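Positions are given from 1 along the sequence. Worth saying up front: this structure is predicted, and the values here are computed from it rather than measured. Order of listing sets the numbers, starting from 1, for every ligand and every atom in it. Because only heavy atoms are used, hydrogens play no part in the values below, and waters and symmetry mates are left out as well, while side chains stay in.
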Amino acid sequence: MSDRVLVNADLKFVQDVMKAGGGDLNKCYQCSTCTVACPLTPEGAPFPRKEMISAQWGIKDKLIKNMDPWLCFHCNDCQDQCPRGAKPGDVMAAIRNMVIAEISVPSFISKATASLSGSIGLLLIPMIIIAAVIFAVKEPNLAEGQIIFSRMLPVTFIDLIFVPTALFALFTGFLSIKKLIGGLKEAYPPGPDGEPLGEALINVLKDIMTHKDFKECGINAPRNIAHMALFYGMIGLAITTACVVVIHYGNLFFGWFGYDTPLPFFHPVKLLGNISALAAVTGIFLIAGRRMTSDIIGNTVFFEWMLITDILLIIVTGILAQVIRVAGIYPLAYIVYYCHLVFVFFLFAYAPHSKMGHMFYRTAALVYSRYSGRSKSVGVNLLEMTKQELPEKT
Ligand code: SF4
Ligand code: SF4
């Protein structure tokens, strides 16, 4: 006689996964071709077939604690081979989006970032805060004299807005990662095959810097170049911002540099910023172009579009603000700079709740994967984890 299994199905979760990009989930008939095709799955408890059935059955609690959606890099080799068009790569991406919605704290922000109306609501917060500070501190005669952005919003007040914003993102990000790792720990207790934590961290950082996992992709290999351009462009922009802060405060408090911001066009930091912006924009256009024209990319939902749109808006308004300022066009330069600050706030404040969060969650999960030994094939059977004792039949 076969075992009886009680499954706590969450049908709303099934609908949510379908809305989050896994719309073809129910076409899956469990043939396992996808699992054979996947270049990244470990041998023990391989994916994505088991995630397909878990998502169809709405086994939400276990999927939230499942490591494997984070080991998937959405290369779509499985999707290409699926005989039913069930799009397993998209389902894995949708599960990741759902996990971000579940673990991020507070969760209402991540729910808002998944829709246009919610994102507009979130955008209103920096619009109001930044406008209120500008009207409180701006020089009264902005129309006269040179256009200097600090006349509208002094750097000290920018810091008073953005330092608490960064702290909010760090704090909520920390809580969310703690929740993610807590779930993974329950499902994958550290085993004898695991690497020491420091070694796991270094190996994951090496893999990320070289995009090792992206390079395993078969049909979707060009995505590696696009993602790398965006990734290194963003790192360059982050370094540029850090240098600008050091130059400004180093000069203000210690007289280190003998000059202040804005920096001249050929200053090395300015050049780094402009080259990084160019790399990031190139990456964004390659990603967007492929999403719109290639059949093998699969579904892209608003949540995913929002990240590259916001980064693009930050870069475009940042460059335009420089150009319009030099051209002396008042008040357009100030308006564009204000928009730039609003988009930057949106990216940083909501990073743990948006698609941007995948950078940190995936990194944390990959480190834990090596630490626990999952990367060396120690896996769990989601359905086994779901079995519950049933009373004996009478
Ligand atoms: S997703 Fe497609 S390939 Fe994978 S088990 Fe289902 S039907 Fe088969
Ligand atoms: S999208 Fe790629 S990495 Fe993800 S399950 Fe499919 S084949 Fe594996």
Side-chain angles (χ1 to χ4, degrees), residues 13-14 17-18 20-59 62-64 66-100 184 188 204 207-208 210-228 231 287 290-291 294-301 303-304 355 358-359 361-363 365-366 368-370 374-377 379-383:
F13 182 75
V14 181
V17 169
M18 292 174 80
D24 294 294
L25 167 67
N26 285 331
K27 292 181 185 167
C28 172
Y29 63 175
Q30 289 292 303
C31 68
S32 221
T33 307
C34 50
T35 292
V36 176
C38 178
L40 294 180
T41 185
E43 282 170 18
F47 60 83
R49 186 201 63 84
K50 68 183 189 315
E51 282 69 26
M52 292 300 284
I53 195 165
S54 301
Q56 280 179 329
W57 287 13
I59 308 175
K62 304 306 171 193
L63 275 173
I64 299 297
N66 184 6
M67 174 89 69
D68 296 352
W70 301 104
L71 304 185
C72 160
F73 277 69
H74 207 175
C75 69
N76 278 348
D77 284 2
C78 56
Q79 200 140 304
D80 189 46
Q81 298 293 322
C82 174
R84 293 278 293 166
K87 300 193 176 159
D90 290 357
V91 173
M92 293 293 269
I95 293 171
R96 281 193 296 278
N97 295 346
M98 293 305 303
V99 175
I100 293 178
L184 295 180
Y188 307 83
V204 167
D207 290 350
I208 291 174
T210 56
H211 274 44
K212 174 183 155 288
D213 292 300
F214 280 93
K215 288 178 184 159
E216 304 281 333
C217 284
I219 55 162
N220 215 345
R223 184 162 145 267
N224 174 37
I225 308 288
H227 195 275
M228 223 180 223
F231 176 76
I287 290 170
R290 284 176 53 75
R291 280 181 185 177
S294 173
D295 289 341
I296 55 176
I297 298 297
N299 296 331
T300 307
V301 290
F303 187 70
E304 285 151 343
K355 175 75 182 173
H358 86 282
M359 266 174 60
Y361 302 133
R362 191 192 285 282
T363 304
L366 289 175
Y368 189 75
S369 163
R370 284 179 172 271
R374 169 60 182 148
S375 61
K376 292 185 185 149
S377 285
V380 288
N381 182 321
L382 294 177
L383 296 182

Student: Report whether any nitrogen, oxygen or sulfur of Cys72 sits less than 2.8 Å from atom 8 (Fe) of ligand 2 (N, O or S, backbone or side chain).
Tutor: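 Given the 2.8 Å cut-off, Cys72 does not count as a ligand of atom 8 (Fe) of ligand 2.
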
Student: List ligand 1 atoms under 4.0 Å from Ser32, heavy atoms only on the residue side.
Tutor: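 So the atoms of ligand 1 that pass are 5 (S), 8 (Fe).
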
Student: In the structure I gave you, are the side-chain heavy atoms of Asp68 and Lys50 within less than 4.5 Å of one another anywhere?
Tutor: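 Asp68 reaches Lys50 side chain to side chain.
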
Student: Which residue from Asp213, Asn76, Asp90 reaches closest to atom 1 (S) of ligand 2 through any of its heavy atoms?
Tutor: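 The residue whose heavy atom sits nearest atom 1 (S) of ligand 2 is Asn76.
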
Student: Closer than 4.0 Å to some heavy atom of Leu40 - which atoms of ligand 2 meet that?
Tutor: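 This gives 3 (S) as the contact atoms.
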
Student: Is it true that the side chains of Asp90 and His74 contain a donor and an acceptor less than 3.5 Å apart?
Tutor: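 A pair is found: one side chain offers a donor N or O, the other an acceptor, under 3.5 Å apart.
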
Student: Would you mind checking which non-hydrogen protein atom is closest to atom 8 (Fe) of ligand 2, with the distance to 0.1 Å?
Tutor: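 The closest heavy atom on the protein side is Cys38 SG, 2.3 Å.
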
Student: Thr33 heavy atoms, cut-off 4.0 Å: which ligand 1 atoms fall inside?
Tutor: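 What qualifies from ligand 1 is 3 (S).
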
Student: Taking side chain as C-beta onward, heavy atoms only, is Leu71 less than 4.5 Å from Thr41?
Tutor: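 No - every pair of side-chain heavy atoms lies 4.5 Å or more apart.
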
Student: Assess the residue pair Asp207 and Lys215 against the criterion (salt bridge (Lys or Arg N to Asp or Glu O under 4.0 Å)); give the C-alpha distance rounded to whole Å, side-chain angles, the decisive distance to 0.1 Å, and a yes or no.
Tutor: CA-CA 10 Å; Asp207 290 350; Lys215 288 178 184 159; over 6 Å; no

Student: Enumerate the atoms of ligand 1 whose separation from the nearest heavy atom of Arg49 is less than 4.0 angstrom.
Tutor: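 Counting from 1, the qualifying ligand atoms are 5 (S).
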
Student: Only heavy atoms of His74, strictly under 4.0 Å: list the atoms of ligand 2 that pass.
Tutor: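 What qualifies from ligand 2 is 1 (S), 4 (Fe).
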
Student: When you measure from atom 6 (Fe) of ligand 1 to every protein heavy atom, which one gives the shortest distance, and what is it?
Tutor: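 Checking every protein heavy atom, the shortest distance to atom 6 (Fe) of ligand 1 gives Cys28 SG, 2.3 Å.
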
Student: With a cutoff of 4.0 Å, is Thr41 in contact with ligand 2, counting heavy atoms of the residue only?
Tutor: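 So Thr41 does not count as touching ligand 2.
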
Student: Checking Ile59 against Phe13 for the side chain to side chain contact (heavy atoms under 4.5 Å, CB included) test, could you report, in this order, the C-alpha distance in whole Å, the side-chain angles of both residues, the deciding distance, and whether it holds?
Tutor: CA-CA 8 Å; Ile59 308 175; Phe13 182 75; over 6 Å; no

Student: Going from CE on Met52 to SG on Cys34, what distance comes out if it is rounded to the nearest 0.5 angstrom?
Tutor: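 Reported value, rounded in 0.5 Å steps: 6.5 Å.
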
Student: For Arg290 and Asn220, which I'm curious about, is there any donor-acceptor pair between the side chains at under 3.5 Å?
Tutor: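 The answer is yes; a qualifying pair exists.
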
Student: Relative to the ring of Phe214, is the ring of Phe73 parallel (under 30°), tilted (30 to 60°) or perpendicular (over 60°)?
Tutor: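 Perpendicular: the ring planes of Phe73 and Phe214 meet at over 60°.
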
Student: Within this structure, what is the OG-CZ distance for the pair Ser369 and Arg374, rounded to the nearest 0.5 Å?
Tutor: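 Those atoms lie 7.0 Å apart.
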
Student: What protein heavy atom sits nearest atom 2 (Fe) of ligand 2, and how far away is it?
Tutor: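 In this structure, atom 2 (Fe) of ligand 2 has Cys75 SG, 2.3 Å as its nearest protein heavy atom.
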
Student: Output the list of atoms in ligand 1 that are nearer than 4.0 Å to some heavy atom of Pro83, sorted by atom number.
Tutor: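 Answer for ligand 1: 3 (S).
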
Student: I need the nearest protein heavy-atom contact for atom 3 (S) of ligand 2: residue, atom name and distance, please.
Tutor: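 Atom 3 (S) of ligand 2 sits closest to the protein heavy atom Phe73 N, 3.6 Å.
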
Student: Any N/O/S atom, backbone or side chain, of Cys34 lying under 2.8 Å from atom 6 (Fe) of ligand 1?
Tutor: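 Checking Cys34: none of its N, O or S atoms is under 2.8 Å.
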
Student: Given side chains that start at C-beta, do those of Ser294 and Ile297 come closer than 4.5 Å, heavy atoms only?
Tutor: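 Ser294 vs Ile297: side chains touch.
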
Student: Need the ligand 1 atom indices (1-based, order shown) with element for anything under 4.0 Å from a heavy-atom of Gln30.
Tutor: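 Result: 5 (S), 6 (Fe).
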
Student: Need the ligand 1 atom indices (1-based, order shown) with element for anything under 4.0 Å from a heavy-atom of Met52.
Tutor: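 Those of ligand 1 that fall under 4.0 Å from Met52 are 1 (S).
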
Student: Only heavy atoms of Pro39, strictly under 4.0 Å: list the atoms of ligand 2 that pass.
Tutor: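 Numbered from 1, ligand 2 contributes 7 (S).
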
Student: For ligand 1, which atoms sit closer than 4.0 Å to a heavy atom of Tyr29?
Tutor: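 Ligand 1 atoms under the 4.0 Å threshold to Tyr29: 6 (Fe), 7 (S).
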
Student: Do Gln30 and Cys28 come close enough that some side-chain heavy atom pair is under 4.5 Å?
Tutor: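 Counting from C-beta outward, Gln30 and Cys28 do come under 4.5 Å.
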
Student: Of the choices Cys78, Cys82, Pro48, which has the non-hydrogen atom that lies closest to atom 7 (S) of ligand 2?
Tutor: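 Looking at heavy atoms only, the winner is Cys78.
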
Student: With a 4.0 Å cut-off on heavy atoms, is Gly85 touching ligand 1?
Tutor: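 Distance cut 4.0 Å: Gly85 fails for ligand 1.
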
Student: Using 4.0 Å as the upper bound for N to carboxylate O, is an ion pair formed by Asp24 and Arg84?
Tutor: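 No, no charged N to carboxylate O under 4.0 Å.
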
Student: Which of the atoms of ligand 2 are close to Phe47, meaning less than 4.0 Å from one of its heavy atoms?
Tutor: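 Within the 4.0 Å cut-off of Phe47, ligand 2 contributes 5 (S), 8 (Fe).
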
Student: For ligand 2, which atoms sit closer than 4.0 Å to a heavy atom of Gly89?
Tutor: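 In order of numbering, the contacting atoms are 1 (S).
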
Student: Should Lys87 and Asp80 count as an ion pair when the cut-off is N to O under 4.0 Å?
Tutor: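 Judged by the 4.0 Å cut-off on N to carboxylate O distance, Lys87 and Asp80 do not form a salt bridge.
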
